[in-house]
Amino acid sequence: LIVTIKDNDERVKNLFLIGAVLMMIGWLASYGLPINKNIWSPTFVLVTCGMCSTLLALLIWVIDIKGYKKWTMFFETFGINPLFLYVLGGALSILFGCIKLPLGGEMISIHNIIYKSFLLEMLGDKYLASCLYAIIFVCINWCVGYVLYKKKITYQVNGGTEIENDSVFQGEKIIRPENPTRKGCVFGGWYIDKDFTEIWDFDNDTISEDVVLYAKWNYTDAFWLTTN
């Protein structure tokens, strides 16, 4: 439904249709086989898969077809490095429970400092405090993912005036820097290889990893006459 079909409109139609059918079958079957998450009953699987299918269709329509992408940056940060952030979240949860710091004359874990000593006392509701702690914990992981999400652009000017290195989010276009200058040469563009075989298209190319751009120089006739 996603890999084999290239047209997003067709993808959305198929995902919505299959999602609606799965949910309908699951809800109808729930009269004889209750929806039970704990045992992952077949009806639970059908309903949740149908809901996920329709949600995915909606996201493809909003993001890929309509082009509303700015709000997705927070979620893309997790999607770019999901395995690393999953392991990081597990490691941080263990560390927050094990590492203890002095507070009020006793040693208290980082988890209890944030949850009990701060959030619970401030809010007075354990459910709200627990929810806010979870949000804070997610944001801590997001900050780490945010650093990994940004990709570095290094400019090799090859004897020209210096260009400050930059960084942009994965999937975005690089903002074209000012052209460097070099005595006796004319700037010939930015290339992604040292042999100057493939030029970087600032209008269309998007970044997917750290990239080094090399400045190409064309010598002027006056330079050749002077050196020869």
Side-chain angles (χ1 to χ4, degrees), residues 1-90 134-135 138-139 141-153 166-176 189-193 197-213:
L1 292 177
I2 298 177
V3 178
T4 58
I5 300 174
K6 303 301 180 182
D7 181 62
N8 281 329
D9 291 321
E10 195 66 26
R11 285 175 175 173
V12 169
K13 292 177 183 177
N14 291 341
L15 286 171
F16 264 126
L17 178 61
I18 292 176
V21 170
L22 289 177
M23 282 192 293
M24 184 177 295
I25 294 174
W27 286 117
L28 291 175
S30 66
Y31 288 101
L33 183 61
I35 298 173
N36 192 320
K37 177 182 180 297
N38 293 330
I39 62 173
W40 279 70
S41 64
T43 49
F44 172 79
V45 174
L46 287 171
V47 171
T48 52
C49 286
M51 294 173 64
C52 291
S53 179
T54 52
L55 177 61
L56 180 59
L58 178 62
L59 291 175
I60 293 175
W61 182 76
V62 171
I63 298 171
D64 294 327
I65 297 178
K66 293 299 181 180
Y68 300 118
K69 298 182 179 180
K70 291 184 178 180
W71 63 276
T72 63
M73 190 269 287
F74 178 85
F75 304 100
E76 285 183 10
T77 302
F78 289 100
I80 295 299
N81 297 284
L83 182 58
F84 173 80
L85 292 177
Y86 174 78
V87 175
L88 176 66
I135 294 174
V138 169
C139 290
N141 285 272
W142 179 85
C143 290
V144 177
Y146 176 79
V147 176
L148 299 175
Y149 183 55
K150 298 196 76 174
K151 301 303 178 182
K152 184 179 180 182
I153 304 104
D166 198 5
S167 61
V168 298
F169 293 117
Q170 182 165 328
E172 292 187 353
K173 298 176 184 177
I174 300 175
I175 299 175
R176 186 191 301 271
W190 293 105
Y191 287 75
I192 63 175
D193 61 311
T197 59
E198 187 174 354
I199 194 169
W200 182 270
D201 186 353
F202 288 92
D203 295 325
N204 298 303
D205 290 343
T206 57
I207 190 168
S208 59
E209 58 185 358
D210 292 342
V211 65
V212 179
L213 297 180

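Note that the coordinates shown come from a computational prediction; the quantities given were computed from them, not determined experimentally.
C49 SG to I25 CD1: the interatomic distance, rounded to the nearest 0.5 Å, is 12.0 Å. For the atom pair D203 CG and D205 CG, the distance stands at 9.0 Å (nearest 0.5 Å). Atom CG of residue L17 and atom CG of residue L22 lie 9.5 Å apart, to the nearest 0.5 angstrom. To the nearest 0.5 Å, the span separating CD1 on I174 from OG on S167 amounts to 10.5 Å.
Residues passing the side chain to side chain donor-acceptor pair (under 3.5 Å) test with N38, sequence neighbours excluded: none. Listed by chain and number, the residues in a side chain to side chain donor-acceptor pair (under 3.5 Å) with W27 amount to none (sequence neighbours excluded). Applying the ring-ring contact (aromatic ring centres under 6.0 Å, His included) rule to W40 yields the partners F44; only residues at least two apart in sequence or on another chain are considered. Among residues two or more places apart in sequence or in another chain, the ring-ring contact (aromatic ring centres under 6.0 Å, His included) test is passed with F16 by none. Evaluation of the side-chain contact (heavy atoms from CB on, under 4.5 Å) rule for K173 yields T206 as partners, not counting sequence neighbours.
A57 and L15 get closest at one heavy-atom pair: CB-CB, 3.6 Å. Summarising the geometry of V211 relative to W200, their closest heavy-atom pair is CG2-CZ3, 4.4 Å, with the distance given to 0.1 Å. Nearest heavy atom pair, residue S41 against residue P34, reads OG-O, 3.1 Å. Summarising the geometry of D7 relative to E10, their closest heavy-atom pair is OD2-N, 3.0 Å, with the distance given to 0.1 Å. S30 and I35 get closest at one heavy-atom pair: CB-CG1, 3.7 Å.
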Acceptor/donor pairs from residues 71-89 side chains to any protein atom, 3.5 angstrom cut, sequence neighbours excluded:
residue : atom : partner : partner atom : Å
W71     : NE1  : Y68     : O            : 2.8
T72     : OG1  : K69     : O            : 2.6
T72     : OG1  : E76     : OE2          : 2.9
E76     : OE1  : Y149    : OH           : 2.4
T77     : OG1  : M73     : O            : 2.9
T77     : OG1  : W142    : NE1          : 3.2

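Annotation: side chain of I153 is in contact with side chain of V168 (closest heavy-atom distance under 4.5 Å). Using a 4.5 Å heavy-atom threshold, the side chains of D9 and I65 count as touching. Residues I192 and L213 form a side-chain contact, since some pair of their non-hydrogen atoms from C-beta on lies under 4.5 Å apart.
Between the side chain of N8 and the backbone N or O of I60 there is no donor-acceptor pair closer than 3.5 Å.
Environment of CH2 in W61: sparse, with no more than 12 heavy atoms of neighbouring residues, nucleotides or ligands closer than 6.0 Å.
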